[in-house]
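First the structure, in the form of structure tokens, and then the observations on it.
Owing to the predicted nature of the structure, the values given are computational and were not obtained by experimental measurement.
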Amino acid sequence: MSGRSLALGQYYAAKSPLHALDPRVKLFLSLTIVTALFFVDNLAVLVGAAFLVPVLASVAKVPFKWVLKGVRPLVFILFFTFLIHLFLTEGATLFAIGPLRATGEGLLKGIFYSTRLILVILFSSFITLTTSPVQLADAIESILSPLKVIRFPAHEIALMMTIALRFIPTLLTEAETIMKAQKGRGANFDSGNILKRARSFIPLLIPLFISAFRRADELALAMEARGYAGGSGRTRLHSLKITPRDVAWLFLGLLIIFSVVGLSWRL
Amino acid sequence: MLIEIEDVSYTYLAGSQAANSALSKASLTIDRGEFIALIGPTGSGKSTLAQVLAGLLRPSFGRVIYEGSDIWEEPKLLSKRRSLTGLVFQEPEKQLFEMTVAEDIAFWPKNLGLGAEEITTRAKSALSAVGLDYELYKDRSPFTLSGGEMRRVAIAGILVMNPKVLIVDEPTVGLDHRGRTGLMDKIQKLNQAGTSIVFVSHDMDTVAEYAQRVILINEGRIIQDSSPREVFRNKEMLNKIGLEVPVATEIGARLREVGYHIAPDPVSVSELEAGILASRGESQR
Ligand SMILES: Nc1ncnc2c1ncn2[C@@H]1O[C@H](COP(=O)(O)OP(=O)(O)OP(=O)(O)O)[C@@H](O)[C@H]1O
Ligand SMILES: [Mg+2]
């Protein structure tokens, strides 16, 4: 791909213990963390757990700012969650806007639930931050593979994901080029009424589809020519293996999670 | 002066982790009737510069001036101003989309709201400029044409604009010898009729054969802008950045080494031929 790859998702390429960790372990740990967060019912512990985020970021060698980017698209939902709790909780009135009464209890609850939501987002974002999409697809295939006995197409699904991920940047680049080319021929993609605007995408979509179909055709041929014959009996170059290091990290992770949850129940 | 660019820089994916500065501080001018070749190794920024020249890529810094006015100053006038230049992208046949050749070529004039008669006249002359007969091709689907024909139709879709500056990005890649010389001769005819040409290429022999001026770009910087002879004189530097000199220049230098009196630095085959004949005449006298 001529060295040009789009920043897809939020994966941040770096060499860190978290990047090296088996993606299945990462998936398992973050599922556990998210579940655990729902068992913590103490704001102080939640805030304490928040300090683990910059620690994790520095272990993963991902700039903290990059990690926080993951929250940005959800700011609206966070704000909304906060407001709902602030105004809809029974308690002593803090202030009122028209018929809406903000309460002290609501304020605390609002802060608690939005903090929890932020933490869920931040902790689970470490998976996509430190695992390349292709590795993730591999992990999903491996996790789903027991279902192969009931004829669940785990390999095919993972392969489809991998191919789709591989071609998204290619298609985007191509769409960009075609769009520029048609603009050069006087196409106008961003004015006029809805119908006109929809029509204006025809010169972009037709060439894009034609090239996508041609590419799919070529890829299928190339895969067949190189001996691809479906998932059964296929071995892989980079097979996922749990190493002692993965096990160590797994236990360390679980230990931290359970102590945090335990602490919150003690308090 | 038709086009002038001043200190133009362009960065892809600016501000992200993958930010990539593809053009830095490029300045040049294009006059009426010039035939300019834009050369440089892979990834040096040729296509980026071509798109900036065509007004399709807004530079991160610097100005793009068409006939005296800055094109990015008033976005409303942009699409009108753009028709001063026509850019034929790399593999332009990928942009065909209409049901028939005639309709595809009519895309630009329709966007500009020209009348049916005017459109037909323009389409006819655009197709004949690339050597295809309007009556024979107008009702065919572009997708049933051969690769070379598709490319010609795509180029006709640009020529229909009558651009004063025609920018072509590697137009001959993937064509056979006949297709290549055929297309280049058509481009040269347009040039002789007054159109300025900017011709992006990897093929130094073609560059030497047709261009009057060569702009050499490496790692996003214009490092030379002069006559073909002067650019190709610097074989060492060209080789260092991964480019070759034309075969004629290479052979001329070898012949001089073994004692022929070849006039200095032939760049095209015809010049080399003249040089060899002159040198033979000398030795027979
Ligand atoms: N759409 C894009 N997104 C990100 N980077 C890009 C994009 N297009 C080009 N680049 C990068 O910008 C630089 C210049 O690219 P450009 O296409 O202008 O080179 P070129 O001289 O035309 O190369 P070639 O001879 O291979 O066509 C390269 O490093 C390229 O990877
Ligand atoms: Mg290019």
Side-chain angles (χ1 to χ4, degrees), chain A residues 1-14 61-63 65-67 69 72 129-130 132 169-192 196-197 199-215 217-218, chain B residues 12-13 15-20 22 42-43 47-48 50-58 75-76 78-80 82-99 103-114 142-143 150 154 156-161 163 167 169:
Chain A
M1 257 201 301
S2 72
R4 154 199 325 181
S5 73
L6 257 114
L8 184 66
Q10 23 160 217
Y11 178 59
Y12 189 92
K61 297 194 179 139
V62 179
K65 252 170 70 186
W66 194 273
V67 179
K69 263 192 190 168
R72 207 181 292 159
L129 282 169
T130 63
S132 74
T170 315
L171 277 184
L172 282 181
T173 311
E174 204 155 280
E176 209 184 298
T177 310
I178 295 171
M179 204 149 157
K180 270 188 292 199
Q182 309 296 29
K183 266 190 196 162
R185 296 167 71 189
N188 194 341
F189 291 103
D190 33 40
S191 70
K196 221 171 157 188
R197 217 182 285 188
R199 271 185 62 93
S200 74
F201 277 93
I202 294 175
L204 168 65
L205 291 179
I206 290 183
L208 202 59
F209 273 110
I210 288 174
S211 123
F213 286 138
R214 204 195 43 224
R215 230 182 259 283
D217 223 30
E218 284 169 2
Chain B
Y12 284 103
L13 306 173
S16 86
Q17 196 191 358
N20 184 345
T42 292
S47 299
T48 308
Q51 288 168 32
V52 167
L53 284 174
L56 290 171
L57 214 52
R58 183 176 194 154
K76 272 197 197 136
L78 193 58
S79 63
K80 207 167 149 211
R82 265 186 199 139
S83 51
L84 178 89
T85 58
L87 169 61
V88 180
F89 274 73
Q90 244 162 295
E91 302 181 273
E93 55 275 18
K94 282 190 184 164
Q95 293 132 30
L96 301 171
F97 68 95
E98 285 281 15
M99 303 292 280
E103 280 176 84
D104 206 283
I105 294 174
F107 185 60
W108 177 82
K110 270 191 195 153
N111 280 326
L112 254 82
L114 300 188
F143 304 105
M150 274 165 90
I158 300 293
L159 291 182
V160 75
M161 300 158 57
I167 308 168
D169 198 346

Bottom line for S200(A): the part with an atom under 4.5 Å from chain B's heavy atoms is neither
Take atom CZ in F209(A); do more than 12 heavy atoms of anything else shown fall under 6.0 Å from it?
no
Which heavy atom of L96(B) sits nearest to which heavy atom of P207(A), and what is that distance?
O-CG, 3.8 Å
Provide the closest heavy-atom pair for R185(A) versus F107(B) in the form atom of the first, atom of the second, distance.
NH2-CB, 3.5 Å
Straight-line distance of F97(B) CZ to L205(A) CG, nearest 0.5 Å
11.0 Å
Return the NZ to CG distance between K183(A) and L57(B), rounded to the nearest 0.5 Å.
9.5 Å
Looking only at P203(A), G186(A), P63(A), most heavy-atom pairs under 4.5 Å shared with chain B are made by P203(A)
Ranking Q51(B), Q90(B), M161(B) by heavy-atom pairs under 4.5 Å to chain A gives rank one to Q51(B)
Just by distance, do the side chain of Q95(B) and the backbone of Q182(A) share a donor-acceptor pair under 3.5 Å?
no
Quick check: do K94(B) and R214(A) have side-chain heavy atoms less than 4.5 Å from each other?
yes
Per-residue contact mode, E98(B) against chain A (heavy atom under 4.5 angstrom)
neither
